[in-house]
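All values reported here derive from a predicted model rather than from experimental measurement. We name chains A, B, ... by the order of the sequence lines, and we start the count at 1 in each one.
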Amino acid sequence: MNHPNQATLALQAGGDLGPLARWRLERHLARCGRCRDEVASFQAVRELLPEVATLPEIRWNRLAAEMKANIRLGLAAGDCVRAEPAPLRDTPLFAGARAAVALASVLVLMVTGLVLQHPAPKPEAAAIEGVELQTTAHGIQVREGGGTLRLLDGGAQDFGMQINGRLRYVPAVTYTPGAQGSMGAGYMDPETGYMTVTNVYAE
Amino acid sequence: MAFLSAASLGAQEIPLPSGSIKINFPDGSPLLIAGTVTDQSRATARGAAMVIDLDLLLQLRNVSDRQIHGVTLRVVAQEVTVGGYGSVAYPSLHVGPGETFPARVAMQLVRPTQAVSASLVEVNLDGVLFQDLSFYGPDRLNSRRAMTAREMETQRDRDYFKRVLAQAGPAGLKTAMLESLTRQAERPRLDVRVIRGGPAITSAANPAPERTAEFAFLKFPDSPVAPVDGYAQIAGNEARAPRINVRNDSKRVVKYVEIGWLVRDQNGQQYMAAAIPTADPGLLMRPGGTAQVLQDAALNFSRDGRPVNVRSMTGFVSQVQFADGKMWVPDRASLEKEYLLGLLPPSNEEQRLSDLYRKKGIGALVEELKKY
């Protein structure tokens with residue numbers, strides 16, 4: 001089986017893959033536990049390090065000003081290198097249109113900069129206080145501060161089967177939350193063949 | 001894209017120091033560690049963090065003179081999560097004296113730093129349940145109660161399928177198995193996030209005002225404890241602080257009660273949300289006495305990534321433990337009558353038997369049931 005590279009898996013974890021690439025990768029992930037684990041690992045780190053989910057601070061106004069100056073410089077340079085006076089139509093209309101295009105480009109750049117200067121809020125998971133228990137793609141986890149303890153379901157996979165002429169998907173893992181601060185998962189371990197019940201608890 | 005750049009910082013594997021997993025079984029334990037395999041364990045740097053995969057396979061030998069029906073291990077990663085820990089239990093066992101069985105603990109630790117120290121994880125024996133429901137172990141996780149309840153559910157559901165086999169033969173058993181698998185496939189499932197020690201409302205994106213909602217109750221005729229009334233705080237798809245008053249209708253002293261908590265969404269769909277156990281470890285509820293079942297964690301409900309807002313709630317008594325350690329769980333007929341079989345997850349035994357049927361067919365299942 002050909003596996004996607006690490007960059008593709010990382011993009012999937014961050015939700016940054018395009019629709020076609022995402023569709024192709026999800027087909028692969030549906031039958032490849034190793035790559036699912038990789039994506040889950042990237043997601044875990046993404047949740048753990050919310051700062052990597054946001055863009056680094058960039059001085060967009062300064063960048064926009066520099067680019068505007070570069071555009072002007074480019075236009076001026078183009079005029080200088082012409083061998084002889086260009087057969088430009090010196091009608092005010094042409095000069096105005098060119099200026100309008102340049103100005104519009106700069107405006108688009110500045111608006112983009114402003115939008116990017118106000119990035120989306122950090123993922124909600126990063127703002128959690130206390131001890132958090134939840135299910136994940138491959139098990140259950142307890143998360144506190146910067147650390148996570150995850151008990152994995154050993155690769156147990158949902159299965160499809162024809163029942164009374166209809167294809168049904170039976171989940172391989174059953175989850176049991178507890179209001180006192182616990183989360184449980186029950187599954188048949190595919191390696192040992194024994195029923196296994198994991199639990200995570202908040203102290 | 002920013003995440004990609006962080007990811008590209010590296011995913012290099014680092015060897016785990018020896019002694020990363022410490023296994024403690026007390027002297028005199030009925031289980032002996034006959035073998036340990038950890039060669040699938042590894043640590044991987046992910047940007048500034050470290051992801052540690054620990055795959056522990058133990059061969060455990062029963063050195064007692066009784067048959068073992070359940071084992072619970074306690075898993076602690078003190079350096080990773082101070083306020084949390086885990087357990088791995090093996091129910092539905094039938095391990096005779098001198099026999100061995102494999103116990104697997106697969107876990108993943110994520111640390112915010114790349115330092116990997118020795119003794120990352122401790123695995124301790126918390127309890128062993130024998131065929132006669134006697135128990136061995138420190139029981140720090142209340143494993144005795146949990147394993148006894150699972151064993152009773154195991155016997156209840158195995159007896160049910162044995163009765164079906166006796167009355168309707170292999171064809172009837174096959175029908176019952178297909179019904180079970182259909183229920184498992186169609187059971188409405190919620191994604192539940194449990195938060196303890198956090199703010200009252202866990203999501204800043206939840207604009208719904210908090211309200212006090214009252215429980216409705218299902219009552220089983222043979223339940224030793226009856227729910228009287230109960231409330232919880234609800235805000236959109238979040239619920240917290242359930243508190244339920246119960247009365248001991250039996251003639252025995254009760255020391256533990258667990259309430260099953262169902263929620264119904266705006267579309268009328270009902271889900272099993274959580275179990276609510278009594279918080280007081282010193283509870284002793286005398287015949288006719290009352291007590292309050294209450295907890296303080298916050299629960300957040302969603303499905304397929306979308307919040308599931310709570311419209312109403314229902315509770316039912318799901319477990320009772322008496323002062324002498326014996327337990328009560330609802331019988332199968334009561335669960336069926338109240339349409340709970342389609343809402344609750346299957347018992348460990350029903351899950352095990354249906355998995356056996358799916359993988360090996362009706363013949364193997366019939367042979368399995370004949371063993372008991």
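Contacts between A:Thr196 and chain B at a heavy-atom distance below 4.5 Å involve backbone atoms as well as side-chain atoms. Only the side chain of B:Glu186 has a heavy atom closer than 4.5 Å to any heavy atom of chain A. Using a 4.5 Å cut-off between heavy atoms, B:Pro102 touches chain A through backbone and side chain atoms alike. In this structure, chain A has a heavy atom under 4.5 Å from the backbone of B:Ala273, while its side chain stays farther away. Only the side chain of B:Asp355 comes within contact range of chain A, with at least one heavy atom under 4.5 Å from a heavy atom of that chain. Heavy atoms of B:Leu93 lying under 4.5 Å from chain A belong exclusively to its side chain.
Residue with the most contacts toward chain A among B:Ser354, B:Ala275, B:Ala279: B:Ala275 (heavy-atom pairs, distance under 4.5 Å). The greatest number of non-hydrogen atom pairs below 4.5 Å with chain A, out of B:Ser92, B:Ala77, B:Pro91, is found for B:Pro91. When each of A:Leu149, A:Asp158, A:Val197 is scored by its heavy-atom pairs under 4.5 Å with chain B, the top score falls to A:Val197. For chain A, the option among B:Val121, B:Val192, B:Leu73, B:Leu294 with the highest count of heavy-atom pairs below 4.5 Å is B:Val192. Chain B forms the most heavy-atom pairs under 4.5 Å with one residue out of A:Asn164, A:Val142, A:Thr135, A:Leu151, and that residue is A:Leu151.
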Between A:Tyr201 and B:Tyr85, is a ring pair (Phe, Tyr, Trp, His ring centres under 6.0 Å) present by the stated rule, with each step listed? CA-CA 5 Å; A:Tyr201 308 87; B:Tyr85 51 94; 5.1 Å; yes
Test side-chain contact (heavy atoms from CB on, under 4.5 Å) on B:Val194 and A:Glu132; report intermediate values, then the result. CA-CA 6 Å; B:Val194 183; A:Glu132 181 196 64; over 6 Å; no
Quick one, A:Val131 with B:Ile195, criterion side-chain contact (heavy atoms from CB on, under 4.5 Å). Give me CA distance, side-chain angles, the key distance, then yes/no. CA-CA 6 Å; A:Val131 183; B:Ile195 296 153; over 6 Å; no
Evaluate the criterion side-chain contact (heavy atoms from CB on, under 4.5 Å) for residue pair B:Leu181 and A:Phe159; output intermediate values, then yes/no. CA-CA 11 Å; B:Leu181 286 161; A:Phe159 52 90; 4.1 Å; yes
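B:Arg104 places no side-chain N or O within donor-acceptor distance of the main-chain N or O of A:Asp189, the cut-off being under 3.5 Å. When atom types are taken as modelled, the side chain of B:Gln351 and the backbone of A:Ala172 share a donor-acceptor pair closer than 3.5 angstrom. Although no hydrogens or angles enter the test, the distance criterion places no donor-acceptor pair under 3.5 Å between the side chain of B:Arg193 and the main chain of A:Leu133.
Of the candidates B:Arg183, B:Gln184, B:Arg358, A:Val170 forms a side chain to side chain contact (heavy atoms under 4.5 Å, CB included) with just one, namely B:Gln184.
Rounding to the nearest 0.5 Å gives a distance of 9.0 Å between CG of B:Asp53 and CZ of A:Arg150. How far CE of B:Met107 is from OG1 of A:Thr198: 11.0 Å, rounded to the nearest 0.5 Å.
Cation-pi geometry between B:Arg189 and A:Tyr175 is not satisfied (NZ or CZ under 6.0 Å from the ring centre, within 45° of the ring normal).
The minimum heavy-atom distance linking B:Ala274 with A:Ala179 is given by the pair CB-N, 4.3 Å.
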